[in-house]
Amino acid sequence: MSTPSLDAWLAWLEGLHPREIELGLGRITEVADRLGLRAASAPIITVAGTNGKGSTVACLEAIYQAGGHRPGAYTSPHLLRYNERIRVDGAPVEDAAILEAFRAIDAARGRTTLTYFEFATLAAAWCFRESGADPWLLEVGLGGRLDATNCFNADLAVVTTIDLDHMEWLGGNREAIAGEKMGIARPERPVVCADADPPRRVAERAAAIGAPLWQLGRDYGYTADGRTWTWWHGDRRYAELPRPGWMGEAALANAAGAVMAVSGAHPALAVEPSAIRAGLTTARLAGRQAPAPGPGAGWLLDVGHNPSAIALLAERLEAHRANGKVRMAFGLMARKPIAPLLSLLGPVVDEWYVLDLDDPQSHPWTEITTALERAGQVVIGAGDAAGARQRMEAATSGNDLMVAAGSFRVVEAFMRIGVGACNGSGSGRN
């Protein structure tokens, strides 16, 4: 493949492997070794979990930048540009760097086929190595044990909240899912768990491989103090820490886990307390409870799409309803059940606009509309993001809040029509 266009490469990658998802480390490990990527000397932090991975990486990335490091952050999916997945020193890498990586990977793989995510993971590692990024921050895509990111040996593993998601791949209960997430842990290397009520398998796996476990609520913790919060570990306290604007009180567990990761869980990865405070002030997470200007109280964009993430959004919307109505534009991928999300959002949303997403893998708008009407919800329209914006902004007055939520696809659609920041072209993936 020699086409210079990044878009052409991405279109080609979509069909390179016969399956979109095929868990396993054999293919990617073989190619990574051919490229010498697993021999890179930079320390690696791998982050797994059902919810909070992106928040944790965002906090770590900003903290390391504030501490004078040049972290490489690999996350997924992207909203508007593929480059968002691979960042060095806080900025998406340029097309030229990704194209160089793609060409090297394609030459090294021979007859080995790679999935889209495997190719992306190798490209991130290539860009990090070539740019001298330090440390590497790798967000797990699916599970942990067999995820492409796990071909790299983490010096420190972070496990965030574990919930029921992707059960067709990871197992039908939290214990089974925890076993998959803990696959990122390495013998005698530390694990930070940011789940306050983790499945037993987290501690069991850590003990089995001799990995020191730093457990939220036992070894470290936090208390919320309104707009600030306090982190503790033993006798150490960091008081009046800034809370990122997109982070609800319950999500502070993710920030607390990030602080533990850089505060002694692994001495070689520690930073000064001043860097923690400065980093939390500047940490950003695209599409997560992101405000955008508009009539009334404006817009709120949120990519959350499972019960735990939606519960955090519902908490914020419930607080807002004391001041004004909440109108929501909503869409959802077909692999996500509608009922659990509607049970959380129904009590805190006054009116709904159902989105007809341009994606064959989404729930049909008619199906979502039927579910809402059966639940006694008020549906004020259905259509695309532009139609939703027009209808909802026309109805907004006073301190009413407009929300676009349910999927990365939803937030992408609204950003493309000018709601919130728009940083370029390229198709998003959820």
Side-chain angles (χ1 to χ4, degrees), residues 43-76 84-85 87-91 133-140 149 154-161 184 190-196 214 216 219-225 227-233 236 238-266 269-290 302-304 308-309 312:
I44 296 173
I45 300 177
T46 304
V47 182
T50 307
N51 296 292
K53 294 178 294 186
S55 297
T56 301
V57 171
C59 290
L60 288 171
E61 183 179 19
I63 288 169
Y64 277 116
Q65 281 189 274
H69 296 260
R70 297 183 69 253
Y74 173 54
T75 59
S76 64
E84 297 166 24
R85 295 176 178 241
R87 300 185 300 278
V88 174
D89 201 17
D134 181 356
W136 295 10
L137 310 174
L138 307 180
E139 179 189 333
V140 170
T149 56
D155 296 280
L156 171 66
V158 179
V159 177
T160 65
T161 304
I184 68 171
V191 177
V192 173
C193 180
D195 189 325
W214 303 85
L216 178 64
D219 305 301
Y220 74 98
Y222 68 94
T223 54
D225 308 316
R227 294 184 178 181
T228 63
W229 61 292
T230 297
W231 178 89
W232 59 263
H233 163 52
R236 195 185 337 173
Y238 296 156
E240 296 185 348
L241 290 172
R243 180 195 299 190
W246 39 268
M247 186 173 281
E249 183 171 322
L252 282 174
N254 305 318
V259 173
M260 186 69 249
V262 301
S263 297
H266 192 305
L269 286 161
V271 300
E272 294 296 324
S274 58
I276 294 171
R277 192 174 301 276
L280 290 173
T281 301
T282 60
R284 299 289 183 268
L285 183 59
R288 187 72 57 163
Q289 294 199 19
D302 194 84
V303 298
S308 294
L312 291 175

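As the structure is a computational prediction, the values presented were derived from the model and not from experiment. By convention here, the first residue in the shown sequence is residue 1.
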Quick one: [atom1] on [X] to [atom2] on [Y], what's the gap to the nearest 0.5 Å?
X	Y	atom1	atom2	value
Leu216	Leu252	CG	CG	10.5 Å
Asp155	Ile45	CG	CD1	8.5 Å
Arg277	Leu241	CZ	CG	5.0 Å
Leu137	Lys53	CG	NZ	14.5 Å
Tyr74	Leu138	OH	CG	8.5 Å

Ignoring hydrogens and angles, tell me if any N or O in the side chain of [X] forms a donor-acceptor pair with the backbone of [Y] under 3.5 Å.
X	Y	value
His266	Ala261	no
Gln65	Asp89	yes
Thr160	Asn51	yes
Trp136	Gly72	no

Shortest non-hydrogen separation from [X] to [Y] and the atoms involved:
X	Y	answer
Ala62	Gly279	CB-O, 3.2 Å
Glu61	Gly90	OE2-CA, 3.5 Å
Ala239	Thr230	CA-OG1, 3.7 Å
Ala66	Ala275	CB-O, 3.5 Å
Ala58	Ala283	O-CB, 4.0 Å
Ala258	Thr56	CB-O, 4.1 Å

Less than 4.5 Å apart, any side-chain heavy atom of [X] and any of [Y]?
X	Y	result
Glu240	Asp225	no
Leu269	Pro135	yes
Leu312	Gln289	yes
Leu280	Arg243	no
Ile276	Ile63	yes
Trp229	Val259	yes
Tyr64	Asp134	no
Asp302	Arg288	yes

**OP:** Dump the intermediate steps for side-chain contact (heavy atoms from CB on, under 4.5 Å) on His69 and Val271, then the final yes or no.
**Re:** CA-CA 10 Å; His69 296 260; Val271 300; 4.3 Å; yes
**OP:** Could you give me the CA-CA distance, side-chain angles and deciding distance for Asp195 and Val159, then say whether side-chain contact (heavy atoms from CB on, under 4.5 Å) is met?
**Re:** CA-CA 7 Å; Asp195 189 325; Val159 177; 5.9 Å; no
**OP:** Begin with the C-alpha distance, continue with both residues' side-chain angles, and end with the deciding distance and a verdict on side-chain contact (heavy atoms from CB on, under 4.5 Å) for Arg236 and Tyr220.
**Re:** CA-CA 9 Å; Arg236 195 185 337 173; Tyr220 74 98; over 6 Å; no
